[in-house]
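Structure, as structure tokens:
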Amino acid sequence: MTLTEIMETLPYGPAPEAAKPALDWLKAHKGRFQLFVAGKWRNPASKEWFTTINPANAQKLAEVAQASAADVDEAVKAARKAFAGWSQTKGHVRARYLYAMARQIQKHARLFAVLETLDNGKPIRETRDIDIPLVARHFYYHAGWAQLMESELPGYAPLGVVGQIIPWNFPLLMLAWKVAPALAMGNTVVLKPAEFTPLTALLFAEICQNIGLPPGVVNIITGDGKTGAALVEHPGVDKIAFTGSTEVGRIIRKATAGSGKKLSLELGGKSPFVVFEDADLDSAVEGVVDAIWFNQGQVCCAGSRLLVQEGIAEKMYAKLRARMEKLRVGDPLDKAVDIGAIIAPVQLQKIQQLVQKGVEEGAKLWQPSWAVPTEGCFYPPTLFTEVAPASTIAQEEIFGPVLAALTFRTPEEAVRLANNTRYGLAASIWSEDINLALDVATQIKAGTVWINSTNLFDAASGFGGYRESGFGREGGKEGLWEYVKKIEVHNTAQGQKPRARGLTARASAESLPPIDRTAKLFIGGKQVRPDSGYSKAVYAPDGRLVGEVGLGNRKDIRNAVEAARSAQEGWRKTAAHSKAQILYFLAENLSERAEEFARRLSEQTGQDGGAEVEAALEALFTAAAWADKYEGLVHPTPLRNVTLAIPEPIGVMGILCPDDQPLLALARLAGSALAMGNTLVVVPSPLAPLSATDFYQVLETSDVPAGTFNIVTGERDELARTLAEHDDVDAVWYAGPQAGWALVEKASAGNMKRTWTLPSSGPLPDTEEILRQATQVKNIWVPYGA
Ligand code: NAI
Ligand code: MG
């Protein structure tokens, strides 16, 4: 026997991590856990308990309280009471507590790791080397933001009580992602762990006790989806942060619609793993192992679609099969095991059914020659080749160790395939050509893109989705905005022009033309008549008719969205400098016609039109100024890489304008959205639409590309509904009455579009906030090293 032969045939001996410390901890609690509310342990009002098992051997680990609506209420009350003090606590003091949490987690790292592996079934290698270290890192990192909040987020305040609902795939890590930023920013929390994996959250509750965290700042309530729903619906909650399935995310979007609760959703994915022919194939194969067999593939950002360039596909598959043959599935506490147990029988069945479907739909299945343990919930690593792009296994999240491989010929085709999904959580790109890799990275619609790497996470980098993968970011500075709100200042000090008064008299009937021509809609760069054939009268505050506008309907909105979609790619790619030039040109042309606009404004609003035109010009200048200055960040993630946090346009946006200062609102909202690279369907205020319709004449003379800026007049809520329901619209900003907020938020759940609701009158948000709403951050990880 040669040495090589010996090495290749050497069997693995068992290398078990002892379960005893964790089992002792369970025993010390007599295998039963209450709810952690107001710093104390209490029985559930429901008197109900459920069991959590070890999926690797189906044995019961403990009984856990099922929190009812009454318990949720107690927890929210405790968090509310604690908020009064916690929100006033100095940043430095909050930083001390977060630091203490990080230290405690490190000190008990092995207990946490073993407990997590027992409860979840993931390999000890992962809990020990990835989950728990990242948890500690998250608390350290956010201790820093607590310290810096005052100086780095001036003018922002905590939201209040935050309800947090997390899944079972990274139980403690998701807790850290939620709790750390919330506490850092001065909020108090009620957190519900997933019913399959409550134990590490309960151990974390003990840490909160041990470090003397003020009672009620963190409350942990265990339970299933019913408990989650009660938390979502509780009127005393100011924000819901959720990670889990897109299906439940949609329910939560609808349930919170119109409630004023802030919402962030981190949902499913079907992330592409793109391998170009010049990639380092051996590295790429290791990448695939990490992408889809990490945590049994139960990862929202799992690289579950392998896209390989045609010329190297067979070679890549051969290497992959050889590697899969060597993977080890089994006891998660064994330190030499790569793939542990699937969380529960229900998930195992889901995987089996989807694999069956893949076979039925004609894809070619490959699994290693060895068998997985029959006791417990195990599934072998699985490779599908010859997968059709539209097939179920290429489109649906399997959430298991199953990879679907497709081939492409050109980079353009790779981008098209990568984006052929309703999700947009992450992507991984493999090429030795950095030009190609970065070019493709900017074109893939996903919140995180890893170049020549995959599944890298760090507290300093934001994580979150595009499209139906949800909205909001966790981690990085971008993640902090989810847990703060602007402090309302009730004076005019924040750059808001005071509302001018007393000019109604000047707009006398004699100085006006009797009735204006009917303003048309502006779609795809052309003035068009409304599909309905109807017009709508516009009156002055004193009841005089000042003009008419077209009554737009669903069809007009659809046409406008189509125009905006066609223009989107071109406008997005237009150089920032050119976008700025066009915005300046818009201002210049508006200024040419300042008097005419001022008169129109005075007629419609009875206010000083001249001052508003001036303010609108200034707003366009501000938007132009930001077009090439709204910068991203480079996050210092602790690896040899740069992580580029780049604000990107959201895409096609519907903007329903407020009633006050109609021209200024148009300039500030639409101008900023345009500056960031979005294309727009603008619905002017129904009370004062004429300034917007006049504005299309300015657009026509300012080199604004056709379809970039569309204007549809009509009934606000009717048009808002159509926009919010439209699957090709990526965001809707709605300024209008509260009833409309609920309508827009609910209707947006279809494709999980971003929504932003504003009052119909009163001061406009400042530009900084508008720019943030007009963008979403993509984090591109670029490792380096020769
Ligand atoms: P799920 O979305 O039902 O569970 C996630 C969390 O939401 C749990 O804490 C659960 O108790 C809670 N929940 C359930 N229904 C709720 C409701 N109506 N209101 C409020 N909270 C509610 O996910 P589940 O059923 O465990 O897994 C189903 C599928 O979801 C998986 O096969 C996978 O495809 C996907 N999933 C995605 C995750 C991700 O990180 N993107 C995480 C977990 C599951
Ligand atoms: Mg369990």
Side-chain angles (χ1 to χ4, degrees), residues 22 26 50-64 66-67 69 72 115-122 163-171 173-175 177-178 190-202 220-234 237 240-256 263 265-271 295-302 304 332 340-351 353-354 376-377 396-400 402 423 425-426 447 463-465 468-470 474:
L26 294 174
F50 64 94
T51 55
T52 182
I53 61 151
N54 175 352
N57 59 17
Q59 276 168 21
K60 174 176 159 181
L61 290 169
E63 275 188 4
V64 180
Q66 165 71 33
V72 170
L115 191 61
E116 194 82 307
T117 285
L118 287 176
D119 205 9
N120 169 284
K122 61 168 76 189
Q164 306 184 312
I165 299 167
I166 56 173
W168 42 261
N169 53 345
F170 295 91
L173 185 57
M174 288 303 106
L175 175 148
W177 281 24
K178 299 270 179 296
V190 177
L191 176 124
K192 191 198 85 65
E195 53 271 43
F196 294 133
T197 52
L199 296 177
T200 45
L202 296 166
I220 309 271
I221 51 166
T222 45
D224 59 11
K226 291 194 294 295
T227 312
L231 184 55
V232 166
E233 280 151 27
H234 197 291
V237 169
I240 292 289
F242 172 79
T243 298
S245 60
T246 295
E247 194 190 346
V248 173
R250 201 164 270 134
I251 294 172
I252 293 176
R253 167 69 288 184
K254 289 180 184 160
T256 55
L263 181 63
L265 299 173
E266 202 265 88
L267 309 173
K270 192 78 189 176
S271 300
N295 200 17
Q296 296 72 246
Q298 303 170 130
V299 182
C300 49
C301 54
S304 52
I342 302 295
I343 187 73
V346 51
Q347 287 295 317
L348 186 61
Q349 280 154 20
K350 183 185 161 194
I351 296 166
Q353 281 160 10
L354 282 163
C377 267
E396 267 192 39
E397 184 175 50
I398 300 176
F399 228 62
V402 182
Y423 295 115
L425 200 51
F463 184 87
E468 287 183 43
S469 290
E474 297 185 291

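Numbering of ligands and ligand atoms starts at 1, following listing order. Excluded from the calculations below are hydrogen atoms, water molecules and symmetry mates; all remaining heavy atoms, backbone and side chain alike, are included. One-based numbering along the sequence shown.
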Contacting atoms of ligand 1, where contact means under 4.0 angstrom from a heavy atom of [X]:
X      : result
Leu267 : 41 (N)
Ala229 : 19 (N), 20 (C)
Gly268 : 41 (N)
Phe242 : 2 (O), 6 (C), 7 (O)
Glu397 : 33 (C), 34 (O), 35 (C)
Asp224 : 11 (O)

Using a plain distance cutoff, I'd like to know if [X] has any nitrogen or oxygen under 3.5 Å from a nitrogen or oxygen of ligand 1.
X      : value
Lys350 : yes
Ile165 : no
Phe196 : no
Glu266 : no

In the protein, which heavy atom is nearest to [atom], and how far is it?
atom                    : result
atom 44 (C) of ligand 1 : Phe399 CE2, 3.8 Å
atom 22 (C) of ligand 1 : Val248 CG1, 3.6 Å
atom 28 (C) of ligand 1 : Gln347 NE2, 3.5 Å
atom 43 (C) of ligand 1 : Pro167 CB, 3.5 Å
atom 6 (C) of ligand 1  : Ile166 O, 3.7 Å
atom 26 (O) of ligand 1 : Trp168 NE1, 2.5 Å
atom 11 (O) of ligand 1 : Glu195 OE1, 2.7 Å
atom 39 (C) of ligand 1 : Cys300 CB, 3.4 Å

Lys226: salt bridge (charged side-chain N to carboxylate O under 4.0 Å, His left out) partners, not counting sequence neighbours: Asp224
[Y] backbone acceptor or donor facing [X] side chain under 3.5 Å:
X      : Y      : value
Gln164 : Lys178 : yes
Lys122 : Gln296 : no
Lys270 : Glu396 : yes
Ser469 : Gly268 : yes
Glu397 : Gly269 : yes

Excluding sequence neighbours, so at least two apart, what forms side-chain hydrogen bond (donor to acceptor under 3.5 Å, both in side chains) with Glu468? Arg250, Arg422
Which residues and atoms, protein N, O or S only, are under 2.8 Å from the Mg ion (ligand 2)? Thr52 OG1, Ile53 O, Asp119 O, Asp119 OD1, Phe196 O
Sub-4.5 Å side-chain heavy-atom contact between [X] and [Y]:
X      : Y      : value
Leu354 : Lys350 : yes
Phe399 : Ser245 : no
Asn169 : Ile343 : no

Can you give me the closest heavy-atom contact between Pro55 and Asp119, atom names plus distance? CD-O, 3.5 Å
Can you name the closest pair of heavy atoms from Val299 and Asn295 and give their distance? CG2-CB, 3.7 Å
From Gly225, Ala194, Ser245, Pro171 - option closest to atom 15 (N) of ligand 1 by heavy atom: Gly225
Option of least heavy-atom distance to atom 20 (C) of ligand 1 (set: Pro198, Gly228, Ala230): Gly228
Would you tabulate the side-chain donor-acceptor contacts of residues 191-201 under 3.5 Å, counting partners in other chains and residues two or more places apart, or write 'none'?
from: Lys192; atom 1: NZ; to: Gly223; atom 2: O; distance (Å): 2.8
from: Thr200; atom 1: OG1; to: Glu116; atom 2: OE1; distance (Å): 2.7

Among the heavy atoms of Phe170, does any lie under 4.0 Å from an atom of ligand 1? no
